[in-house]
**Q** 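Take this structure, written in structure tokens, and hold onto it; I'll ask about it next.
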Amino acid sequence: LPDDPADLKELLKHQQRVHLDQMAQMATQAGVLESRIAILEQKEQESKARLTELQRKNDDLAMDKLRLEYRLMVLLKRSYGPRADKVGTGQLLLEFAELLEQKPLDTAPQDVAQVGPMESPSRHIRRRGRRNLADFKDLPVQQHIHDLPEDEKNCPVCQRMRQEMGRDSSWQIEHIPARLIRVEHIQIK
């Protein structure tokens, strides 16, 4: 440090100016940082609001999906569901028969005139579901035998002729206008 008081004063003034300049720079930087913090807080609030809006939309879409899945399930059950959910007349007759068995039999003769003739059902009962496949066994049959060509029947290892060891048979119903035939496919193993 210099011994001269004027130089010391000058050095102190210079140090104070540098310190004031640094303080001013720090104050401006603090202001910039505060404004950035305010902007970040505003963006955070906007992102929180957007996130809650997206979560609400997600919840609405999930509810819509559940509603649509339920409607699809109801429609599929209506179209393809088991008919076991419905109580059939056979089930009702079983319960009626059980009630009849519990009651004592009346052995007194009844007047035939009181009992009217049995009425046949006048409406046609429509059957639903698959047809009985046994009904198709009397159709004419065309057989298509699927076999290997003669040049592929030789064993690649021992060069002997391969022997038939079984058959798989499947059939399908084909509609030819004005007639039905059963086409049987036989695959030789």
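All residue numbers in this chain count up from 1 along the given sequence.
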**Q** About how many Å separate OG of Ser169 and NE2 of His185, when rounded to the nearest 0.5 Å?
**A**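 Answer for the NE2-OG pair, His185 versus Ser169, is 9.5 Å.
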
**Q** Just distance, no hydrogens or angles: give the donor-acceptor pairs under 3.5 Å from side chains in residues 151-164, sequence neighbours left out.
**A**
unit_1	atom_1	unit_2	atom_2	d
Lys153	NZ	Asp147	OD2	3.1
Lys153	NZ	Glu150	OE2	3.3
Gln159	NE2	Pro156	O	3.4
Glu164	OE2	Arg167	NE	2.7

**Q** Does the pair Glu46/Arg50 count as a salt bridge with the N-to-O cut at 4.0 Å?
**A**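 Salt bridge between Glu46 and Arg50, a charged N being under 4.0 Å from a carboxylate O: no.
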
**Q** For residues 28-40, dump all side-chain donor-acceptor pairs below 3.5 Å to protein atoms at least two apart in sequence or in another chain.
**A**
unit_1	atom_1	unit_2	atom_2	d
Thr28	OG1	Ala24	O	3.3
Thr28	OG1	Gln25	O	2.7
Ser35	OG	Gly31	O	3.4
Ser35	OG	Val32	O	2.7

**Q** Could you pull out the closest heavy-atom pair between Glu184 and Trp171, with the gap in Å?
**A**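 It is CA-CB, 4.0 Å.
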
**Q** Check whether more than 12 heavy atoms from other residues, nucleotides or ligands sit under 6.0 Å from atom NE2 of His146, and answer yes or no.
**A**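 Atom NE2 in His146 is packed in, count exceeds 12.
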
**Q** Under 3.5 Å, sequence neighbours excluded: what are the donor-acceptor pairs made by side chains of residues 53-60?
**A**
unit_1	atom_1	unit_2	atom_2	d
Arg56	NH1	Asp60	OD2	3.3

**Q** When rounded to the nearest 0.5 angstrom, what distance separates CG in Leu66 from CE in Met73?
**A**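 If we round to the nearest 0.5 Å, Leu66:CG and Met73:CE are 10.5 Å apart.
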
**Q** How many angstroms lie between atom NZ of Lys13 and atom CG of Leu11, to the nearest 0.5 angstrom?
**A**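 Here the rounded value is 12.0 Å.
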
**Q** State the CD1-CG distance between Ile188 and Leu148, to the nearest 0.5 angstrom.
**A**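 Going from the CD1 atom of Ile188 to the CG atom of Leu148 covers 8.5 Å.
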
**Q** Return the NE2 to CE distance between His19 and Met23, rounded to the nearest 0.5 Å.
**A**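 One finds 5.0 Å between NE2 of His19 and CE of Met23.
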
**Q** When rounded to the nearest 0.5 angstrom, what distance separates CD1 in Ile186 from NE2 in His144?
**A**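 Reported value, rounded in 0.5 Å steps: 10.5 Å.
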
